[in-house]
Amino acid sequence: MSTIKSAIQAVGERIRQAAAAAGRAPESILLLAVSKTFAADNVREAYTTTGQRAFGENYVQEGVDKIRQLSDLPLEWHFIGPLQSNKTRPVAEHFHWVHTVDRLKIAERLSAQRPEHLPPLQLCIQVNVSGETSKSGCGFADVPALAAAITRLPRLQLRGLMCIPEPTEDRSTLLEQFGALRDCLQRLNRQGYRLDTLSMGMSADLEQAIAAGSTMVRVGTAIFGARHAATGH
Ligand SMILES: *Cc1c(COP(=O)(O)O)cnc(C)c1O
């Protein structure tokens with residue numbers, strides 16, 4: 001059995017166990033396979049051996065190249081890397097989702113550049129849940145105004161929130177930071193939004209993310225193995 005196939009099956013099992021432990025339905029959690037730095041052939045193998053359809057990319061050019069090479073497959077592409085305003089056009093033209101919007105200017109450009117023949121771009125607001133100054137993401141206090149402004153943009157559909165917690169193995173810190181993102185989403189929904197996505201959890205912490213309510217885990221290393229240096233942006 002191929003390594004990618006068995007790795008995806010093992011991650012699926014981790015998701016099922018974490019969901020069961022949290023009393024949640026395993027189908028309520030989508031696995032996003034993070035293929036950054038790995039070749040299009042690895043993505044093709046993941047799809048053909050397991051039916052995995054959702055893939056995440058961090059670097060615009062690398063992602064667009066893979067999307068083109070794999071256009072014969074019914075894949076769903078998620079942009080999950082930092083996004084500068086001069087790189088929004090290829091993202092708006094090629095991806096289905098963007099998880100890392102943390103300011104209005106980026107959202108405005110994505111909406112203006114989203115081609116008419118495509119469905120609205122699906123969006124998450126990235127929130128800096130740890131307060132580390134080095135991290136991207138807006139602060140919790142900025143979320144309501146940004147969500148309201150994004151909702152008014154015609155070619156975007158706001159789906160939810162995304163975070164990368166502080167790198168720590170401390171379970172309670174992770175639960176606290178993931179839980180804060182869930183509470184923020186619930187506050188928005190009480191104000192009338194219908195947001196269904198909490199993009200949180202990676203290879204090392206997907207159990208804590210699922211315990212806190214994650215609906216989308218972004219898993220790279222546990223599927224494709226250790227990454228080499230980034231292949232350029
Ligand atoms: C690389 C990356 C991941 C995957 O991380 P792993 O630890 O390899 O599972 C998830 N989310 C984001 C935003 C990433 O940049």
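Predicted, not measured: the structure shown is a model, and the values here were computed from it. Numbers for residues simply follow the sequence, beginning at 1. Note that ligands are numbered from 1 as they come in the structure, with each ligand's atoms numbered from 1 the same way.
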Starting from [atom], what is the nearest protein heavy atom, named by residue and atom, and what distance separates them?
atom	answer
atom 14 (C) of ligand 1	K36 NZ, 3.0 Å
atom 11 (N) of ligand 1	R218 NE, 2.8 Å
atom 10 (C) of ligand 1	M202 SD, 3.1 Å
atom 12 (C) of ligand 1	I80 CD1, 3.6 Å

Backbone of [Y] reached by a side-chain donor or acceptor of [X] within 3.5 Å:
X	Y	answer
R182	S214	no
T50	Q52	yes
Q69	I67	no

Task: G220 N/O under 3.5 Å from ligand 1 N/O - done: yes
Would you mind running through ligand 1 and noting each atom that sits below 4.0 Å from a heavy atom of [X]?
X	answer
T221	6 (P), 7 (O), 8 (O), 9 (O)
V219	9 (O)
I164	13 (C)

Task: Proximity flag M162 to ligand 1, non-hydrogen atoms under 4.0 Å - done: yes
Open item on the list: Please tell me whether E166 and T168 have a donor and an acceptor in their side chains that are separated by less than 3.5 angstrom.
Closed with: no
Task: Minimum non-hydrogen distance to atom 9 (O) of ligand 1, winning option of S199, P82, S203 - done: S203
Open item on the list: Regarding R16 and E13, does a basic nitrogen lie under 4.0 Å from an acidic carboxylate oxygen?
Closed with: yes
- [ ] Inspect the contact between K135 and D102 and indicate whether a charged nitrogen and a carboxylate oxygen are less than 4.0 angstrom apart.
- [x] no
Open item on the list: Checking contacts here: is it the side chain or the backbone of H99 that comes within 4.0 Å of ligand 1, counting heavy atoms only? Could be both or neither.
Closed with: neither
- [ ] Specify side chain, backbone, both or neither for N58, according to which of its non-hydrogen atoms lie closer than 4.0 Å to ligand 1.
- [x] side chain
Open item on the list: Can you classify the ring geometry of F95 versus W77 as parallel (below 30°), tilted (30 to 60°) or perpendicular (above 60°)?
Closed with: perpendicular
Open item on the list: Taking side chain to side chain contact (heavy atoms under 4.5 Å, CB included) as the criterion, tell me which of L188, L146, I125 meets it with L158.
Closed with: I125
